[in-house]
Student: 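My questions all concern the structure below.
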Number of protein chains: 2
Amino acid sequence: MSAPVTGQGGEEPGETPAPSAPAARRDPSRRALLGAGGAGLAALAAGFAGGFGAARAQGAPPATDDGHVVPFRGARQAGIVTPAQDRLHFAAFDLTTSSRDDVVDLLRRWSLAAERMTRGLPAGELGPVGGAYDAPPDDTGEAQELRPGNLTITFGFGPSLFGGGDIGPDRFGLAARRPNALADLPHFPGDTLEAARCGGDLMVQACSDDPQIAVHAVRNLARLAFGTAQVRWSQLGYGRTSRTSSAQATPRNLFGFKDGTANLLAEDTAALDEHVWVAPGDDPAASWLAGGSYLVARRIRMTIETWDRSSLREQESVVGRTKGTGAPLSGGQEATEPDFTRTGNDGRPLIDPDSHVALAHPTANGGVRMLRRGYNYTDGSDGLGRLDAGLFFLAFVRDPVRQFVPMQNALAKNDLMSEYLRHTGSGVWAVPPGLADGADYVGQALFES
Amino acid sequence: MSAPVTGQGGEEPGETPAPSAPAARRDPSRRALLGAGGAGLAALAAGFAGGFGAARAQGAPPATDDGHVVPFRGARQAGIVTPAQDRLHFAAFDLTTSSRDDVVDLLRRWSLAAERMTRGLPAGELGPVGGAYDAPPDDTGEAQELRPGNLTITFGFGPSLFGGGDIGPDRFGLAARRPNALADLPHFPGDTLEAARCGGDLMVQACSDDPQIAVHAVRNLARLAFGTAQVRWSQLGYGRTSRTSSAQATPRNLFGFKDGTANLLAEDTAALDEHVWVAPGDDPAASWLAGGSYLVARRIRMTIETWDRSSLREQESVVGRTKGTGAPLSGGQEATEPDFTRTGNDGRPLIDPDSHVALAHPTANGGVRMLRRGYNYTDGSDGLGRLDAGLFFLAFVRDPVRQFVPMQNALAKNDLMSEYLRHTGSGVWAVPPGLADGADYVGQALFES
């Protein structure tokens, strides 16, 4: 149907797809350059623009506007308490290698590329201009001229990476270091999970205010993983459903209601320590995770056509809040604490005990709270005239077994909202702490200490 | 698994799901209000915010910032020469009714709702506050507090709406008015179309700079269509791949190359008259379409993992332009006209005759040009470790048979790029002219004149 393709690359599945990454590791000045910020990075950026098409390329360097850059390095990974960006590309990867060294090499290359991309630089370092023309470009290119839009790239490790016990084989000698709380979530009442949207050895959460930046990030990490890992499933989210900073207004989910009113906020560091960050003493076998967290993901399809035909009374009763302002049905404003004891003239509680707000409230769950960071999604239609749309639920917790599992059991059994929800995807990952200034790659303490 | 749902609506498939629309038609002041702009609309908006939750709602009125509003009415439908917005939700609908009156009623309700939403108002008019609480809300709510982001909603009619001849049954007495150029596209070499992503009686293209606004628009039109039409397929696009105004920079597609460099622009009205707008004499049987256009849609999956492993030399050879600046390989800048006769030292043309730019150029296609208005899409993964990503190609033309079909035949047969493309969805729709100030609904001339 067309002329044969004569380019190189791609014909030999075993070859290294990213010539830039080994070169980067050999370059002793690399980390210094990245650490230096401004001038060095501008030079790199100019080099990139000059690289495409050798001497013929004369494009403007990519934007590296500090106002749109979230630092990649720090005590915590970015993308957790970072004010929630507008768009998401989430991906779960499965390792296709049986070599622990390959996994470490991948994490090293991913960390380098992630740091570069969050700064608005291309994913890979350029080799010599003459050689680059006959090699695959070390960045796929579609993010040029775009700002990083507060890009964050957050990595996590799934139960299957470790194996051991009921989890599966210990492929990489990591089973003894698997955190106790890291196991596949149990079956919940009403679950209609699709295996192709569950689990994954590795997790990447890319968030940006520009969807093309978030998609570009995952794509380039997938490219760098060729031969070592491949995408198991992925999910785009186009509208955030939570606020993670007091400076953000509460957004709305696809039920049309404000979502995340009572979310944990970045400013409340005491609550984060209590509910989000793994403390040094939490799990002696998994000391590498101290300072990190866990991410629970649930792809929750909403039966929006049915919802859209229910009365406003029904909708507000299910949620337990008004649709307009988000105030609890017991009265007040959005921020008013719900009063579950207050009754109406008929003697019944103004907030239904089986409403979502009642069942999800900390008072109904032993004081448990979570840092929610989910997104609205719409994945076309289902062939039956219905949009495939809903909430991609993301929550960071200190312990999924204590925090998420009991709450989801209660919601799945009694929440009036369950009638309008179908859980179709699921996963849990340990999220290691951030990359310190001297460290080489995210998760280093798991493999090396 | 949960308490029974007691709300009304949805249990009776035959009932009218949109109490607002008939009410709106009964209100003689409605059109005057919409025409009046400013004050009247602000009052409507305030009424909306007050409506949710009756007297308890105290939210801010939705934004109606004129800087983000594209007028819905005009000689042409908006969303064609409108500067391409950043995000897309596209939907094809099939009619489930056999009544011509139902179709007219739907178009009337859609036109009302579309005009409201493009102004930043909710899709439907509120009934009395007391009654609204026990009825479904007349807007799904998730676009509250968001700006319309230059929302445009563009409607089209597919071949199957008309029927006749090989097309199918003449369900609505429209076969005699079907334009000659409106028929399903022929099979092209290499087509791998999925029936569930092809065709549709009606087409809605919603574009906005905010994806939540575009998705909200399609969802609310689908809600208003309940009982009359249902979504056949839909597609989200997150990044534009064309510019339609000289004020816009050329964006990049997922091959990482600038796309749409030589696109028709809104400012070139003579070229639009020649290549985009249907002229009064074009088709005597379809005079209702004069001033309108045709939309061709193709969902083109890119095998991006293979592309990403091909050399820069191969990629630029396939495209015929440099990846950095987008200049033709014959030299110059992005805007430089390609010189297909210029040869290198080896005597071969610098631009491969089978490159995309050579085969798609007007000189290779009898001077044919199109107004391209496509978007990048990424729909998760395919279960084989590959992203389902590519280009949702949209092009407005004066005659798809003369303009699109020959070019696509040539590209499918010879384009070096075909190796990296899979056409998985397809459709063509007649796009009627815009809604004049005195007119009631888009496409009125088809049904009433």
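Below, chain A is the first sequence line, B the second, and so on; all start at residue 1.
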Student: Do side-chain atoms of B:Arg309 reach the backbone of A:Phe226 as a donor and acceptor pair under 3.5 angstrom?
Tutor: no
Student: Counting heavy-atom pairs closer than 4.5 Å to chain B, which one of A:Gln235, A:Gln315, A:His216 comes out on top?
Tutor: A:Gln315
Student: Which heavy atom of B:Val231 sits nearest a heavy atom of A:Ser381, and at what distance?
Tutor: CG1-OG, 3.2 Å
Student: How close do A:Lys323 and B:Thr140 get, counting heavy atoms only, and between which atoms?
Tutor: NZ-O, 3.2 Å
Student: Looking at A:Pro137 and B:Ser311, what are the two nearest heavy atoms and their distance?
Tutor: CD-C, 4.2 Å
Student: Is it the backbone or the side chain of A:Leu254 that comes under 4.5 Å from a heavy atom of chain B, or both, or neither?
Tutor: both
Student: Go through A:Pro211, A:Gly239, A:Gly380 and name the one with the most non-hydrogen pairs under 4.5 angstrom from chain B.
Tutor: A:Pro211
Student: Top residue by heavy-atom pair count (under 4.5 Å) with chain A, among B:Asn220, B:Ile304, B:Asn253?
Tutor: B:Ile304
Student: Over all heavy atoms of both residues, which pair between A:Asp308 and B:Pro136 is shortest? Give the atoms and the distance, please.
Tutor: O-CB, 3.5 Å
Student: Return the minimal non-hydrogen interatomic distance between B:Thr378 and A:Leu236, and the atom names on each side.
Tutor: O-CD2, 3.6 Å
Student: Just give me the residue among B:Gln230, B:Gln212, B:His89 that pairs up with chain A most often, heavy atom to heavy atom, under 4.5 Å.
Tutor: B:Gln212
Student: Determine the option with the most heavy-atom pairs under 4.5 angstrom with chain B, choosing from A:Arg219, A:Glu305, A:Arg232.
Tutor: A:Arg219
Student: Under 4.5 Å from any heavy atom of chain B, what part of A:Arg87 do you find: side chain, backbone, both or neither?
Tutor: side chain
Student: With only heavy atoms counted, which part of A:Phe255 is less than 4.5 Å from chain B, the side chain, the backbone, both or neither?
Tutor: backbone
Student: Is there a side-chain contact between A:Glu145 and B:Lys258 (heavy atoms, below 4.5 Å)?
Tutor: yes
Student: Classify the side-chain pair B:Glu142/A:Asn376 by whether it contains a donor and acceptor separated by less than 3.5 Å.
Tutor: no
